[in-house]
Amino acid sequence: MTATPVSPWRLPRRRRSPLPGLGLTLGVSLVFVSLIVLLPLLGLGWQLAQLGWSDYLWVMSDARTLASLRVTLTAAAAATLVNGVFGLLLAWVLVRYRFPGRAALDALVDLPFALPTAVAGIALVALYGQNGWVGSLLAPLGLQVAYSWSGIVIAMVFTSVPFAVRAIQPLIEELDPAEEAAALTLGASRGQIFRTITLPQLMPGILTGTGLSFVRSLGEFGAVIFIAGNIPYETEIASLLIMIRLDEFDYPAAAAIAGTMLGLSLVLLVAINLAQTRLYRRYERGA
Amino acid sequence: MTLTVQSISKRYDGAAVLQDASITIRDGEFVALLGPSGSGKTTLLNVISGLVQPDAGQLLLDGRDITALPAGARRFGMVFQSYALFRHMTVAQNIGFGLQVLPRGDRLDKAGRAAKVRELLAMIEMPDLGDRYPAQLSGGQQQRVAMARALAIDPALLLLDEPFSALDAKVRHSLRGSVRDLQRRVGVAAILVTHDQAEAFEVADRIAVMNGGRIEQIGTPEELRAAPATPFVQDFLTAA
Amino acid sequence: MLRRTLIALAVLFAAVVIVLPVAAILSRAFAEGVGAWWAAVSDPETLQAVWLTVLTALIVLPLNILFGLCAAWAIARFRFPGRRALLILIEIPFAVSPIVAGLCFLLVYGAYGPVGGALQPYGLQLMFNLTGIVMVSLFVTCPFVVREVLPVLQVTGEDEEKAALTLGANGWQIFRHVTLPNVTWALVYGAILATARAIGEFGAVSVVSGAIRGQTMTLPLQIELLYNDYNTTGAFAAATLLTALALLTLVLRGAITAIHPAHGARP
């Protein structure tokens, strides 16, 4: 027999807890979640249901809608790519190296989370606009960042880079240096070790980080609208088009675009979750 | 004080953890519930404490039905396997907690509570450690604080859930004696849950051997050794 | 060599993408001197926006704490049907973009929505005023406290709470003396993040605020308004207030993580 008997408290099973407070706490939670989360989401669903398929397709096949989706998706994809590369770089440097200013760099990564998006928006224009510190350097080269597609990408990079860094960081911390050493003794080069030993183990983090970063970029509004220029068909993002349709009291069109964006986000998040579970399971089975 | 446990049954997800368990604990008596893991002994203790509601059966305290009485109203002092000391409170605050949460009318005044805590600290031979926090104590000291905390409410019954299992062998031996000693001095009846046969034989007046949710046999150590009632009891007692 | 290159690249990226924008805010805000900054910050309309923002935060914070503690307690300590669904619903606001969130509220609580429409005959209006701003702020901040408190509750305290129960403590006493001390730091941490988010929220609030000048403008909305009015100093001066708040949030976070390392590992 085992030395420590299993306490029934540890076993996951349905039970009536002797602790008081279920009625009160669950009641408060349900009222809050119903009014603040569930009902608004149902409202969107209800509006979409009223719209019907043909009207939905009519809204979504509008050239301006399609253009705004294209702008949003391509910019978010580009931003995610940048974040994947630099997120990995930042996470790697923060975990593996000790250098003066490391703690400050670590704290800075969270700044985009803490900084309100409208502030980030005007800050980026101030920086990348024609008179800005960076914008004025790029202008003679014929590069215009503000009021263009690349401006949108920069705004998305800014607001979502912490997702990538923070998702990858813990996995680098968990890497076993002995595995790298073992590969080294077997004659692998540094590049080979990174590609074959390190990178595969970081994949769950990279996947989550870039996925979250993409979802965040799809929905980003405040930081983007200041720097985007908001020219219809060219630099108008989907969130802004929803806002414009709302101002025109065209609620069905706004709901159609919003429903599409929300559906896309939810599908992506579920996919990330599933993929991550599968990746983790593979390693656990191997272990 | 006499506690009568009458035909208690309990199922979890369709599996019977306790089947028709009956036992009587008399005044001042020390009873051990002995059995392997999964035998239902801890569940029985939790039913007695009020932390788990039985599906069938009755608990009678001096003839009064307390089956539906909430845990807090039973005033049974319990020592948890993990001790469950409040880690953000000092030793003295831990011991005094049960006195402090009483309704205003039944509560001792501050000086009275402090005196009682001092008395208990002396009883567990830790008179100067009242200002320490649980994390600053050894395992044995933590166990004694958990005992004092349970005794502070002048319990009708003392419930001990594997109180020695987290201690190393040497401390375990010396604490067994002092727990038995404390219980005698206070004069409270006690139920000890354990999987350790030697422990049960050393401290208990009577032992209930449990297996598969049933009580196989109840008797004094001598009776058990002399006449094991079932093959399981025979095996379990000779295996150790 | 590789090490230096990588560090240099990381620092350069952080400098250009993260630090320079913040420096640019300060540079623009103080371009015309401290006096102009002060005049812009103390402009009555801006002060009105600051007040509305603070008021919103003051209403949202206690509601958030109440809800967060209740939900975390119920989920951690009890098994009930729909427990997973509740957890998913609480997390959903993180997946919903601000404009979509605002739109959802308009569709239900606006004058043409089922709830808003039903209330209108009684003269009750929920959107385009403080109520609307508070409601969407609650939506965007709803996961923060639960997220921090729930994991702590799940790993600590159940035995302690049961011990308190056997010692005769009632529900409130258990919460007050045993549960709350165990989750204090997680609660403070979550509340700080939620408050920062509520104060800085732009997209969702801009949908439901109605943006009535001098009345329903929160500070982030006021920044947009000033900026579109070509009042650069005014916009950037207002932005310095929110920037200072963001930096304060980071410092507080860092401090809590230093005291209590279990928190702050996640964004």
Side-chain angles (χ1 to χ4, degrees), chain A residues 14-15 17-22 25-26 28-29 32-33 36-41 43-44 47 86 89-90 93 97 99 105 107-108 110-120 122-124 126-127 132-133 157-158 162 166 215 219 221-222 239 242-243 246 254-255 258 261-262 265-266 269, chain C residues 3 6-7 9-11 13-14 17-22 24-25 28 66-67 70-71 73-74 77-80 86 89-90 92-93 95-100 103-105 107-108 113 135 138-139 142 161 165 171 196 200 202-203 207 220 223-224 227 235 239 242-243 246 249-250 254 266-267:
Chain A
R14 274 170 201 282
R15 58 166 202 259
S17 172
L19 293 170
L22 174 65
T25 56
L26 190 58
V28 169
S29 307
F32 186 99
V33 166
I36 297 298
V37 182
L38 190 59
L39 213 52
L41 290 174
L44 180 60
Q47 178 72 245
F86 282 94
L89 172 72
L90 272 166
V93 166
Y97 303 137
F99 53 94
L105 186 64
L108 271 178
D110 283 330
L111 190 59
F113 272 142
L115 200 67
T117 55
V119 175
I122 63 170
L124 291 171
L127 191 58
W133 293 333
V157 166
F158 178 87
R166 296 303 183 217
V215 170
F221 178 71
S239 287
I242 297 173
M243 196 74 176
L246 270 179
M261 301 297 287
L262 181 59
S265 304
L266 291 179
L269 288 173
Chain C
R3 177 191 131 99
L6 290 180
I7 294 176
L9 263 176
V11 170
F13 175 82
V17 175
I18 301 174
V19 180
L20 276 186
V22 175
I25 296 169
R28 287 289 172 97
L66 174 72
F67 161 72
C70 282
W73 171 268
R77 292 291 180 258
F78 302 99
R79 300 285 174 275
F80 49 88
L86 179 62
L89 275 177
I90 293 170
I92 270 191
V96 180
S97 74
I99 296 294
V100 175
L103 170 72
C104 290
F105 274 80
L107 291 176
V108 172
M135 288 176 85
L138 285 174
F139 178 88
C142 134
E161 284 157 6
L165 192 69
F202 175 72
V207 175
I223 290 173
E224 184 195 24
Y227 187 82
L242 289 178
T243 308
T249 309
L250 289 186
R266 289 182 308 283

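Order of the sequence lines sets the chain letters (A, B, ...), proteins ahead of strands, with each chain counted from 1.
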Taking C/L89, C/V19, C/V11, C/L66 one by one, which has the highest count of heavy-atom pairs under 4.5 Å against chain A? C/L89
So, for A/L89 and C/A10, which heavy atoms are closest and what is the spacing to 0.1 Å? CD2-N, 3.7 Å
Pair count under 4.5 Å, heavy atoms only, with chain C: among A/V157, A/L108, A/L19, highest is A/L19
Between C/R3 and chain A, with a heavy-atom cut-off of 4.5 Å, which part of the residue counts as in contact: side chain, backbone, both or neither? both
I'd like to check A/V33 versus C/F67 (side-chain heavy atoms, cut-off strictly below 4.5 Å). Are they in contact? yes
Side chain, backbone, both or neither: which part of A/A255 has a non-hydrogen atom closer than 4.5 Å to chain C? both
Heavy-atom contact with chain C under 4.5 Å, split by part of A/A107: backbone
Between A/G219 and C/P98, the two heavy atoms sitting closest are O-CD, 3.5 Å
Between A/A118, A/S29, A/P40, which residue shows the highest count of heavy-atom pairs closer than 4.5 Å to chain C? A/P40
Non-hydrogen atoms of C/A95 and A/V215 that approach each other most closely: O-CG1, 4.5 Å
Which heavy atom of A/L124 sits nearest a heavy atom of C/P21, and at what distance? CD2-CG, 3.8 Å
Option in A/V119, A/T25, A/L26, A/L39 with maximal non-hydrogen atom pairs under 4.5 Å from chain C: A/T25
Per-residue tally against chain A (heavy atom, under 4.5 Å) across C/L6, C/V17, C/L242, C/I25 peaks at C/L6
Which one of C/C142, C/A196, C/G203, C/A24 has the most heavy-atom pairs closer than 4.5 Å to chain A? C/A24
Distance (rounded to the nearest 0.5 Å) between C/C104 SG and A/L41 CG: 5.0 Å
Between A/T117, A/L111, A/I242, the one whose heavy-atom pairs under 4.5 Å with chain C are most numerous: A/L111
Quick check on A/I122 against chain C: is it the side chain, the backbone, both or neither that has a heavy atom closer than 4.5 Å? both
Checking C/I7 against chain A: side chain, backbone, both or neither under 4.5 Å from a heavy atom? both
Check whether A/F158 gets within reach of chain C through its side chain, its backbone, both or neither, counting any heavy atom under 4.5 Å. both
Heavy atoms of A/M243 and C/I99 approach each other most closely as SD-CD1, 3.8 Å
C/L9, part contacting chain A, at a heavy-atom distance under 4.5 Å: both
Largest heavy-atom contact set with chain A, pairs under 4.5 Å, which of C/V96, C/V100, C/T249: C/V100
Sort C/I92 into side chain, backbone, both or neither according to what part of it lies under 4.5 angstrom from a heavy atom of chain A. side chain
In terms of heavy-atom pairs under 4.5 Å with chain A, which of C/I223, C/L20, C/L165 leads? C/L20
Given a strict heavy-atom distance threshold of 4.5 Å, which part of C/F139 is in contact with chain A: side chain, backbone, both, or neither? both
Examine whether an atom of A/L22 lies under 4.5 Å from a heavy atom of chain C, and if so say whether it belongs to the side chain, the backbone or both; otherwise answer neither. both
